[in-house]
Amino acid sequence: MDANIIETLPKDLRIPAGDIIARHLPAMETYRELCALFPQPLPIISILPSRLDFGLISKYGIDACKELNFLPISKCDLYLTAVSPTPWDQYKLSRIRALNYDSVRLVTVTDEAFRNLLDFAEKRISTVRNNNTGNISAPILDSYAWGREPAIGIAKKMFGNALKMGASDVHIEPQEDKVVVKFRINGALVIQEPVHRAFKKEFIDAIKDLATLPLNETKNLADCRFSLSLDGGRVVDFRVAKLPISGEYENFVFRLLDSEKILRNNGALPFRGKLLADFESALNAESGMIILTGPTGSGKTTTLYSALMRLDLSGLNVRTIEDPIEYRIPKVVQTQIDTKNNVTFSRTLRSMLRADPDVIMVGEIRDAETAELAVGAANTGHLVLTTLHTRSAIGVIPRLMDLGLSKGDIQEAVTLVVSQRLLPKLCNSCKVPVRTTDAQKKHFEFYKITPPEFVYRELGCPDCNSTGISGRVAVFEFLRFDSAMKDLMVSERATLDSIAELNFKQYNPLVKEVLLQIAKGEVAYDEIRNYETKMHEFLDA
């Protein structure tokens, strides 16, 4: 590969990363290989030896630093910042994380600068040891006051921290030498300070005690629900799933169900403009079916609850069938599925139709009988709200047909389908602009969007706990069964492509909604890979 290839690189890649690229040119075969190796710009920094944290270097071990090509410069909680001449090496990055379960951010220095820093660090540590002066081992800051307060209080403090940080779930993963604690924040798992093995049994017993699980039972599955008073008296519900794993260990996942947040939301829907008007039109109809679709964690349940609270609950008989009941809503009759006692979706729905309901929420359509009953209810004067697991709004049609419904059944009963996703929102304090490439401009133009001069990527700062992400952005794809759509559905020319073509004259597909958020600078361009089925057409050649 000719060294002149540097001159053909996009400026945002060529200028900051040129020094590093030059080292790898002999091994590169194609420009595409080069782009794969450098998916993001790699700015090279200049750092003085005094910026190194010698306590951290000693803690991780100088031998590990030499082997894995990194030198720590700072640490905030579990977020380690280090310099490296090879920040793209994912294998070494995973090895660094494993040393102390850190979340690692690497910044780039040249090979020569790294060798000089490493030489300085080795001499500094050797001198301190030989003179036996000073303590270069930085103490590990424990997030929880073990030995100074009861384990129950420490467990509550952990859940309180999860609530303050906006976590949706808390994962507890006991291991041989520690208990790993992770919070799911903005859809991503963020590792917290681990619990030392000396306190492992005490900690596990405390969380089982809070969840009213038997302390001496470790082999069975368990699902339960409990409430805690946190954050100055704020009551939060938790749903816990316990899974036995190898050895005598148990894995726990706690879902935080903040009912107060739902009630404070007071029926505020996440839509705007035409989407809000069309959703409210379907919600205020006397009958029909509204279906929400999307993967687990896309916010379907929150949207459903907001829709229910939008209704006149005093003047309507509103009933739900859920598995499980996530939030308690005043004036709504909520039924919990209990398969052990034969309380299933289909049996409950059949019985519920005899209780004169106006509105029925079916947590999820899982089988043919429930689908048939829900469609029947929508066609006989009831408003039905439910969810399905499909990749798109259009995907609801083949899914319902797989459950035994005809196109005629679907067009007669279904009023509106909403597919929704939650995208990671870039932190405004640290997001980094990257000049839009020609291929990316082509991508925006394909969907009739004016290409932005820059797209953005995450970096990480104290404001976002070094994740680069601060909150999430909801995007939606609508499919409304108006008169034109109903006519097409029952015609001989009805195909998924023709239905999509007609629908996208009114509503944007998900991929375009994601690109619009990228153009606004709210979301990183890489996120589009999860939604663009023709991504290969928009890569730099």
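Shown are Asp237, Asp223, Asp169; of these, the salt bridge (charged side-chain N to carboxylate O under 4.0 Å, His left out) with Arg255 is made only by Asp169.
With no hydrogens or angles considered, a side-chain donor-acceptor pair links Thr303 and Gln420 at under 3.5 Å. No side-chain donor from either of Glu286 and His382 sits under 3.5 Å from a side-chain acceptor of the other. Counted by atom type alone, Thr390 and Thr293 present one or more donor-acceptor pairs between their side chains at under 3.5 Å. For Arg225 and Ser227, the side-chain atoms include no donor-acceptor pair closer than 3.5 Å. Between the side chains of Glu322 and Gln334, at least one donor-acceptor pair of N or O atoms lies under 3.5 Å. Using modelled atom types, one finds a donor on one side chain and an acceptor on the other under 3.5 Å when comparing Thr370 with Asp367.
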Check: residues 473-484 side-chain donor-acceptor pairs under 3.5 Å, at least two apart:
unit_1 : atom_1 : unit_2 : atom_2 : d
Glu477 : OE1    : Leu510 : N      : 2.9
Glu477 : OE2    : Ala393 : N      : 3.0
Arg480 : NE     : Tyr507 : OH     : 3.0
Arg480 : NH2    : Gln506 : OE1    : 3.4
Asp482 : OD1    : Ala484 : N      : 3.4
Asp482 : OD1    : Met485 : N      : 2.9
Asp482 : OD2    : Gln506 : NE2    : 3.0

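The pair Asp438-Lys442 fails the salt-bridge criterion, with no side-chain N (NZ, NE, NH1 or NH2) lying under 4.0 Å from an Asp/Glu carboxylate O. Salt bridge Arg350/Glu369: present, at least one basic N to carboxylate O contact under 4.0 Å. Salt bridge absent: Glu458 and Lys431 never bring a charged side-chain N and a carboxylate O closer than 4.0 Å. Salt bridge Lys219/Glu250: absent, no basic N to carboxylate O contact under 4.0 Å.
Separation of atoms OG1 (Thr415) and CG (Leu383) is listed at 7.5 Å; rounding is to 0.5 Å.
Between Phe238 and Phe226, the ring planes lie parallel to each other; the angle is under 30°, not in the 30° to 60° tilted range.
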